[in-house]
Novice: 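My structure is below; once you've seen it, I'll send some questions.
What's counted below: heavy atoms across the whole structure, side chains too, no hydrogens, waters or symmetry copies. Chain letters run A, B, ... following the sequence lines, proteins first and then strands; every chain starts at 1.
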4 protein chains.
Amino acid sequence: MANSNGSKAAARDKRQRLTAAAAEVLHRQGVERTTIADIAQLADVPVGNVYYYFKTKDDLVRAALSAHADHLSLKLAHLDRDPDPRARLGALVASWVERRDITARYGCPTGTLAVELDKREPDGIDTEVGQLFRTLVDWVAEQFRRLGQPDPHDLAITFVAANQGMSLLSNALRDPTIMIREGERLRRWLDDLPT
Amino acid sequence: MANSNGSKAAARDKRQRLTAAAAEVLHRQGVERTTIADIAQLADVPVGNVYYYFKTKDDLVRAALSAHADHLSLKLAHLDRDPDPRARLGALVASWVERRDITARYGCPTGTLAVELDKREPDGIDTEVGQLFRTLVDWVAEQFRRLGQPDPHDLAITFVAANQGMSLLSNALRDPTIMIREGERLRRWLDDLPT
Amino acid sequence: MANSNGSKAAARDKRQRLTAAAAEVLHRQGVERTTIADIAQLADVPVGNVYYYFKTKDDLVRAALSAHADHLSLKLAHLDRDPDPRARLGALVASWVERRDITARYGCPTGTLAVELDKREPDGIDTEVGQLFRTLVDWVAEQFRRLGQPDPHDLAITFVAANQGMSLLSNALRDPTIMIREGERLRRWLDDLPT
Amino acid sequence: MANSNGSKAAARDKRQRLTAAAAEVLHRQGVERTTIADIAQLADVPVGNVYYYFKTKDDLVRAALSAHADHLSLKLAHLDRDPDPRARLGALVASWVERRDITARYGCPTGTLAVELDKREPDGIDTEVGQLFRTLVDWVAEQFRRLGQPDPHDLAITFVAANQGMSLLSNALRDPTIMIREGERLRRWLDDLPT
DNA sequence: TATGAATGAGCATTCATTCAT
DNA sequence: CATGAATGAATGCTCATTCAT
């Protein structure tokens, strides 16, 4: 029993550890500068063993991306607890600002991944990063819709783009305060939305 | 005379060709996925000869970045011909929107370069991409200042971040129309600025 | 069990083979003229695999040097079996003369390595070749001390230098007989030492 | 006239400068670590121009060796002014000791060159370094002959080998004082020679 | 002859992926 | 499943030598 169940648990655990390690290292070092060995080491898994969980490096990258997607789903589900759409969006902004130091240092995990993956998959039209962004945009759009805004989807694009823009700039300029000021602007914008 | 000058001109030309090729290929394929051979081939220069003009691959990357910086300077100088700051900013937005198809396919050259270089130079605080962004932000801030806006620098950050955000999203979603709609929003925003 | 131990043994064996191959080829071709491929080929190891055992070419060079150092230690230990210091030194000389053909063809392994490494590590003060020579000089000095000689260390320097000198000359002149005659001179010198 | 004579002089001068530069840099950096560009730069000659004076790198190396040979000839001619063979040999030793700092840092120019060239010309039986050593050995032998010594040639080998040995050791141990002590020993040896 | 530029072969090193046990 | 080891293709870079002018 310790065997069948235990090893399955161990396997799930290893896969999990590898995914988490990948998400972290890929964020910090970038996809191309990260070796399988880097990830294996951080996950404390022997290199040769990685391939029993992920066929290729791309698979690992995808897993890391999925991890970010899962993280996003969790966050959105958490935000959904608040019934007020405006508050939800405000909390989303707050979560962005909260991560300002990491963002200023390494950029937005999703955004930088999107940039790198775009170079990797020259013909990928319907990419998984795209899906992630779509999920987020859709959720944001839904909030704007509930707020009775016209063109909620466009507003959502603007909103999500604002995060990507301030993240990229704060990273390029190594200035976390950009996130603070831009975050305040977004919140003001939310508050000023005509009802 | 045609000789001595000719060869120098040829050399300058080759350097120029290599720089242009680098800028183009690095934009399309990304820094890490681009080999010196790729650049050499596009520039029609034998691989070994590249190193006569650029000591290292990093040098080539820097040259490509400089090319972008030069391009930006030219553009700003061109915009400066119009005395109206609001019109200047509007024209800048227009130039962004104009490039929407390339942006949707490969992202903003400067933005994607910023992301990649951040992973390459783990400790680079005062990077050259940073300088490029600073130049742009400063110019934009100056226009807002002339328009009598409070906090022109913050507005400039918002403005530049907007471009990066919409570029990234339109790239990730492979949707050039995002650039159109966001561009229009920016122009409306400019027009609505209180005087 | 044959397994786990077997692969470790195989690994040790491969490392050993690479070290031996390195020692041999580096002696014959010199450090700079020897490629990793040369060593790999002689050791019958795929080139890419070499780097699993040695991170860099320098590492391989160091390993070869260590092999020489080990060889020296063994030889000295063997000589130590004879209780008579004079006989020990005589046997050492004999071992030098024995290798005269190889020496005339390729020089003294340690001496030529010392020359080459001196050019490689421009600032290496306390080099490993230096250590090797120190070990030898110290051992020789100890013998002279036991023989009751004054300035045993100086005598040891003279003794060791004599080997390097005759090795270099016999190599440059491609004349192994130099080793014979100089060897005899050294032995006579030992015999004539005042007690 | 400034032309024909001047350019010939300039050519001779350039060749001379290249030879001197080669001798110096090859001694310091070693043959393999020295590039044509290194030599050209030190000689203040454009790289492409080097090949009008020396067809190949080997030619340059040979020229440097010839320079050392010329230097030796000059030195021996100078020593020949003293009619006393013993004094001549003593003065030769003194000249070796004088160069102790350079020797401790870079080795004996001829000796290190001999080692490196041996690796370069795998089949060179009658090498030019050999010739140089033969010249020296013959001259020294002649002095011993005049001193009425038996086996003057063997003594000469011993004498020259002593220099190579102490040079190599003082270089490997980075200790110029070895040259001093060994030099004194050689002089004592000369003085003690039976007449 | 003079010279900047061109050429191309060669080398150390990396790394994703596979294999043997 | 686990794991250390194997494999080989790819890449940045160097440099002696040659060429065009």
Novice: Kindly say if A:Lys14 contacts the phosphate of F:dC1, meaning a side-chain N or O under 4.0 Å from OP1 or OP2.
Specialist: no
Novice: Closer than 3.5 angstrom, by distance alone: can the side chain of B:His27 be matched with the main-chain N or O of B:Ala22 as a donor-acceptor pair?
Specialist: no
Novice: Check for me whether A:Arg62 meets the cation-pi criterion with A:Phe54, that is, NZ or CZ under 6.0 Å from the six-membered ring centre and within 45 degrees of the ring axis.
Specialist: no
Novice: Testing the basics here: between C:Ile39 and C:Leu60, what is the closest heavy-atom pair and its distance to 0.1 Å?
Specialist: CD1-CD1, 4.0 Å
Novice: Which of residues 29-59 of chain A have a heavy atom under 4.0 Å from DNA chain E?
Specialist: A:Thr34, A:Thr35, A:Ile36, A:Tyr51, A:Thr56, A:Lys57
Novice: When you measure from the side chain of C:Lys119 to the backbone N and O of D:Thr34, does any donor-acceptor pair fall under 3.5 Å?
Specialist: no
Novice: Would you indicate whether B:Gln131, at its atom CD, is surrounded by more than 12 heavy atoms from other residues, nucleotides or ligands within a distance under 6.0 Å?
Specialist: yes
Novice: Would you call C:Arg28-C:Glu24 a salt bridge at under 4.0 Å N-O?
Specialist: yes
Novice: Considering residues at least two apart in sequence or located in another chain, which fulfil the ring pair (Phe, Tyr, Trp, His ring centres under 6.0 Å) criterion with A:His68?
Specialist: none
Novice: Can you list the stems that DNA chain E is part of, where a stem is at least 3 pairs in a row, each Watson-Crick or G-U, with both distances below 3.5 Å?
Specialist: E:2-21 with F:2-21
Novice: Rounded to the nearest 0.5 Å, how far does CG of A:Leu18 lie from CG of A:Asp13?
Specialist: 9.5 Å
